[in-house]
S.K.: 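Got a structure for you, questions after.
All ligand and atom numbering here is 1-based and tracks the order in the structure.
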Amino acid sequence: MAEQPTTTQPTAKYRADYLSPDYTITDISLEFDLHDTETKVVAVNKVQRLSTEGAPLVLDGDSLKLVRVEVDGQSWTDFSEGESSLTINNLPEQCELLIETEINPEANTLLEGLYKSGGAYCTQCEAEGFRRITFYLDRPDVLARFTTKVIADKTQYPFLLSNGNRVDAGELENGRHWVQWQDPFPKPSYLFALVAGDFDVLRDKYTTVSGREVELEIFVDKGNLDRADYAMTSLINSMKWDEERFGLEYDLDIYMIVAVDFFNMGAMENKGLNVFNSKFVLANPSTATDTDYQGIEAVIGHEYFHNWTGNRVTCRDWFQLSLKEGLTVFRDQEFSSDLGSRPVNRINNVRIMRGPQFAEDRGPMSHPIRPEKVIEMNNFYTLTVYEKGSEVIRMMHTLLGEENFQSGMKLYFERHDGTAATCDDFVQAMEDASGISLERFRRWYSQSGTPVVKVDTEYLPEQKRYRVTIKQHTPETAGQKEKLPLHIPFDIELYNKQGEVISLQCNGKPVHHVLDITEAEQVFEFENVVEQPIISMLREFSAPVILEYDYSDEELVFLMVNARNEFARWDAGQILLAKYIKLNVSRLQQGEGFELPSSVVDAFRGVLLDENLDPAFIAEMLTLPSENEIAGWYKTVDVDAIHTVVGELESVFANEMADEFSAIYHTLTQDSYTIEHAAMAKRSLRNTCLAYLANTEQGNELASKQYTDSDNMTDTMAAMAAANSAELSCRENQMSDFSEKWTHDGLVMDKWFMLQGKNPADNALENVRATMSHAAFDIKNPNRTRSLVASFCANNPVHFHAKDGSGYAFLTEILTVLNSSNPQVASRLIEPFLKYRQYDEQRQSLMRAELEKLAALDNLAKDLFEKIQKALEL
Ligand code: TRP
Ligand code: ZN
């Protein structure tokens with residue numbers, strides 16, 4: 001079946017237009033007869049009318065061949081088929097509606113609905129993929145009990161899986177067999193899943209706090225059993241953590257995870273049957289880096305935590321997506337922080353906020369965490385909904401405290417378990433359980449953009465007072481001009497010269513260190529402050545805002561050493577670096593040389609040599625902001641100047657601290673490889689040292705020796721990344737050796753594709769183009785495409801933004817192909833173009849021309865249409 005080209009202009013849906021459904025479906029029984037090009041799907045629905053008599057039943061459908069319709073066992077002809085719907089007329093108040101459709105999984109390159117990944121069948125239904133399987137009320141507020149019968153060839157597909165419990169099975173003629181599944185929990189269609197294939201299975205068991213035995217099964221491609229252990233460990237840790245921290249227990253007798261190679265996103269929380277991108281399951285020391293292991297822990301946790309926050313309580317409509325995603329990201333971040341290093345996790349989450357999320361807020365797709373208007377729902381699985389959504393939950397946690405927050409969670413489940421809820425319902429539960437007003441706080445759900453908090457301080461020695469003036473304003477964003485003051489939890493601490501905390505006191509009373517900022521301007525006068533204090537602000541990144549304050553170098557160095565909390569120390573270091581990056585970018589633009597006071601280098605040297613600090617934290621302190629994050633500080637981005645300055649800063653640090661880096665590099669050598677946190681922390685710092693040392697004369701020798709000696713992927717990749725970014729002569733041998741060794745394994749080759757994409761060499765684009773004919777590359781596989789193309793277009797700014805427009809032309813070529821084969825992936829890759837207004841005139845007009853070319857495609861997908869239209873709007 002050919003995909004339907006979009007002939008009419010796609011239309012938007014508005015949050016304000018929500019209407020409850022005219023009908024619901026209480027039960028659905030599905031039967032799949034699986035065949036590569038013509039799979040038969042029979043759906044028997046128990047339909048119940050909710051509205052007045054006479055309303056037609058309008059079902060969603062997409063790329064389906066309708067075979068027959070029956071009502072209560074009789075053939076039914078009173079229906080009409082629209083472009084993406086099936087309207088059935090004159091139905092009784094209650095009936096059994098049978099619909100038979102035929103679909104073509106093999107032709108499904110969108111990876112949405114039922115498709116084939118390698119040799120296996122699998123499904124992806126969120127957000128609106130179920131309508132590509134059968135005609136249905138494909139909206140999250142219709143909750144039905146599902147039973148699913150799967151029929152397929154027994155030798156090719158020995159495992160037939162779906163949601164819930166396996167209740168029956170049998171054999172058929174022609175070597176086919178069937179399995180019947182039943183899910184006792186009513187659920188929306190987006191949580192449906194089916195998998196059929198041949199796998200290796202890793203099995204384990206978990207006993208819940210109340211003594212329920214749960215079978216755990218992880219399905220991986222044959223031959224990959226030795227890469228599933230960490231996923232299993234992470235699953236068990238997740239189940240235990242959710243019981244201990246949130247009091248939430250698993251509710252079925254079986255939990256299955258299937259790893260597939262072709263997948264548009266990270267993973268999917270289908271009830272009892274998670275489907276995962278194999279990137280977030282498969283790992284062993286020789287194939288996966290420490291970062292990969294951390295990703296697996298986080299994503300396994302995330303999908304598991306959805307069982308309560310997402311599945312037991314789901315979303316009323318897709319505008320409420322952050323209800324489940326923001327909350328579940330918050331939960332997975334807490335999980336990773338409780339199990340590993342809290343400061344390191346926080347730093348990395350904040351980096352994502354300040355880099356890509358703030359960038360989203362500034363761009364044409366800017367939207368509140370609860371969007372008002374959507375053309376293609378897949379475009380709203382964004383950093384704003386997920387990461388900023390999590391920050392909004394975190395702010396409530398900060399305002400309420402753990403105990404009140406947990407009472408709020410309890411009340412939320414009491415009220416909404418088994419139903420489809422809204423973001424308002426969640427906030428209401430938190431408010432009711434804690435008695436703390438969240439009235440103004442609710443604005444975070446409707447207001448888009450990044451607030452700017454500007455602080456001025458004044459010490460009044462006569463009165464022994466410290467006056468802190470805090471102003472907030474949110475700049476206008478695409479689609480939302482008017483902004484109101486928000487409720488910002490603003491965490492501060494004051495220090496005296498000895499680094500001791502000065503207790504906060506206003507009007508004779510102690511004041512909590514988290515200030516409630518609710519107005520456009522507020523003044524706080526702290527009393528009994530006997531000397532000029534040093535202020536630490538936005539501690540723990542207590543709100544997703546930009547802080548503006550004129551810190552002196554001395555204050556920042558003081559905070560790097562003395563702030564009581566590690567996050568604040570890191571943040572002070574970042575502010576100090578930002579100052580000198582900005583200074584040197586403007587010096588460079590004026591033809592002046594690079595300049596960095598030795599006091600700045602000494603401050604970082606002090607951190608590097610501090611033996612009381614966690615090595616992983618030291619590594620974070622010494623990691624410079626990315627070129628993309630820096631780009632966000634400017635109205636007009638000078639990619640070349642930013643790149644040069646970052647390079648010079650790196651090489652000044654490298655040369656000034658070469659002895660220290662070298663000494664630490666050598667002391668942190670480990671005898672044997674383990675994935676314990678302490679071992680990871682040492683590798684992290686050691687490889688940070690290597691990245692700096694790559695810029696010195698020892699660089700080539702060290703990187704080349706590390707590559708040869710390495711017994712794990714973390715050290716191998718670190719050696720290659722150092723060689724790649726410092727353009728060392730060992731790079732070429734490493735790259736060809738690695739490719740020879742791993743060509744058969746796409747997932748491992750993704751690391752190599754990423755390095756090709758980020759290659760700083762002059763002929764980077766030429767290399768990227770050549771790499772597209774590598775045996776392991778496949779433009780139909782989203783992981784491969786993202787590794788190579790997104791790393792070039794999003795993370796190699798100098799070459800992507802080449803003045804001759806060659807990088808832009810390349811992206812358009814790729815997008816033109818993906819627009820037809822997989823618009824969801826295309827829509828993620830187009831992001832660099834959407835920022836065109838932040839570049840100089842020449843680049844702006846080149847990028848604009850590419851967007852116009854794409855806009856003129858005659859089969860332009862909704863996904864790209866929505867973004868291009870917004871980007872080109874004046
Ligand atoms: N709900 C999934 C998550 O946990 C993400 C998701 C949404 C998704 N749409 C998808 C995954 C499409 C794969 C494909 O975050
Ligand atoms: Zn999620």
Side-chain angles (χ1 to χ4, degrees), residues 62 108-115 117 122-133 138 140 163 187-195 234-235 238 242 257-281 295-315 317-336 352 369 371 374 376-390 393 423 781-783 785-786 822-828 861-863:
D62 178 7
N108 184 353
T109 58
L110 274 63
L111 315 184
E112 216 183 356
L114 177 70
Y115 64 95
S117 170
C122 63
T123 57
Q124 172 54 42
C125 294
E126 188 175 3
E128 297 176 332
F130 192 72
R131 62 188 64 185
R132 292 166 53 81
I133 293 173
D138 193 12
N163 316 88
K187 65 168 178 291
S189 50
Y190 82 88
L191 290 172
F192 169 78
L194 173 157
V195 172
S234 301
L235 175 59
S238 305
D242 215 12
I257 291 174
V258 184
V260 300
D261 288 331
F262 286 72
F263 205 67
N264 282 343
M265 307 252 274
M268 182 62 213
E269 69 263 25
N270 320 299
K271 185 80 189 187
L273 178 57
N274 290 179
V275 178
F276 268 62
N277 186 325
S278 53
K279 173 180 164 60
F280 292 111
V281 174
I296 290 168
E297 179 176 85
V299 178
I300 293 267
H302 181 95
E303 305 312 329
Y304 176 74
F305 303 142
H306 266 316
N307 190 54
W308 277 96
T309 51
N311 302 3
R312 289 289 290 256
V313 182
T314 192
C315 301
D317 56 76
W318 289 119
F319 297 99
Q320 318 295 326
L321 180 62
S322 204
L323 173 71
K324 73 176 177 82
E325 294 304 344
L327 179 55
T328 304
V329 170
F330 171 76
R331 277 152 53 69
D332 85 53
Q333 290 177 351
E334 284 301 292
F335 168 61
S336 298
I352 291 171
I369 63 167
V374 167
E376 170 53 62
M377 191 52 215
N378 285 329
N379 281 341
F380 289 85
Y381 288 78
T382 59
L383 292 154
T384 301
V385 167
Y386 276 64
E387 306 299 320
K388 185 177 178 181
S390 166
I393 303 287
C423 295
N781 184 303
N783 289 2
T785 303
R786 270 193 295 259
N822 191 333
Q824 214 180 317
V825 170
S827 191
R828 294 204 176 260
K862 270 164 79 179
D863 317 54

S.K.: Which ligand 1 atoms, with their elements, are less than 4.0 angstrom from a heavy-atom of His302?
M.R.: 3 (C), 4 (O), 15 (O)
S.K.: I'd like to know if the side chain of Ser390 and the backbone of Tyr386 have a donor-acceptor N/O pair within less than 3.5 Å.
M.R.: no
S.K.: Assess, by modelled atom type and distance only, whether the side chains of Asn270 and Asn163 contain a donor and an acceptor separated by less than 3.5 Å.
M.R.: no
S.K.: Can you pull the salt bridge (charged side-chain N to carboxylate O under 4.0 Å, His left out) pairs that have at least one residue in residues 295-308, sequence neighbours excluded?
M.R.: none
S.K.: In ligand 1, which numbered atoms sit nearer than 4.0 Å to a non-hydrogen atom of Glu269?
M.R.: 1 (N), 2 (C), 3 (C), 4 (O)
S.K.: List the closest protein heavy-atom neighbour of atom 15 (O) of ligand 1: residue, atom name, distance to the nearest 0.1 Å.
M.R.: Tyr386 OH, 2.7 Å
S.K.: Heavy-atom contacts with Ala267 under 4.0 Å: which atoms of ligand 1 show up? List them by number with element.
M.R.: 2 (C), 3 (C), 4 (O), 5 (C), 11 (C)
S.K.: With a 4.5 Å limit on heavy-atom distance, are the side chains of Gln124 and Asn108 in contact?
M.R.: no
S.K.: Just to be sure I'm reading this right: ignoring hydrogens, which of His306, Met268, Gln124 gets closest to atom 10 (C) of ligand 1? Compare them by their nearest heavy atoms.
M.R.: Gln124
S.K.: Short list, please: which atoms of ligand 1 are under 4.0 Å from a heavy atom of Lys324?
M.R.: 1 (N)
S.K.: Report the nearest protein non-hydrogen atom to atom 7 (C) of ligand 1: residue, atom name, distance rounded to 0.1 Å.
M.R.: Tyr381 CE2, 3.2 Å
S.K.: Is Glu303 close enough to the Zn ion (ligand 2) to have an N, O or S atom under 2.8 Å?
M.R.: no
S.K.: Students often mix this up, so state it plainly: with edges at 30° and 60°, are the rings of Tyr190 and Trp318 parallel, tilted or perpendicular?
M.R.: perpendicular
S.K.: In degrees, rounded to 10 degrees, what angle do His302 atom NE2 and His306 atom NE2 make at the Zn ion (ligand 2)?
M.R.: 100°
S.K.: Nearest to atom 6 (C) of ligand 1, what protein heavy atom do you find, and at what distance?
M.R.: Met265 CE, 3.5 Å
S.K.: Under a 4.0 angstrom heavy-atom cut-off, which atoms of ligand 1 come close to Gln824?
M.R.: 12 (C)
S.K.: Looking only at the side chains, is there a donor atom on one of Asp261 and Ser278 sitting less than 3.5 Å from an acceptor on the other?
M.R.: yes
S.K.: Which ligand 1 atoms, with their elements, are less than 4.0 angstrom from a heavy-atom of Glu303?
M.R.: 3 (C), 4 (O)
S.K.: Can you pull out the closest protein heavy atom to atom 1 (N) of ligand 1? Residue, atom name and distance to 0.1 Å, please.
M.R.: Glu126 OE1, 2.6 Å
S.K.: For Glu376 and Ser827, does a side-chain donor sit closer than 3.5 Å to a side-chain acceptor?
M.R.: no
S.K.: Near Lys187 NZ, under 6.0 Å, is it more than 12 heavy atoms from other residues, nucleotides or ligands?
M.R.: yes
S.K.: Identify, by atom number and element, the atoms of ligand 1 in contact range of Phe263, meaning under 4.0 Å from any of its heavy atoms.
M.R.: 11 (C), 13 (C)
S.K.: Does some side-chain heavy atom of Phe263 sit less than 4.5 Å from a side-chain heavy atom of Ser117?
M.R.: no
S.K.: Of all N, O or S atoms in Glu325, which has the smallest distance to the Zn ion (ligand 2)?
M.R.: OE1
S.K.: Looking at CG of Leu323 and CD1 of Ile369, how far apart are the two atoms once the value is rounded to the nearest 0.5 Å?
M.R.: 10.0 Å
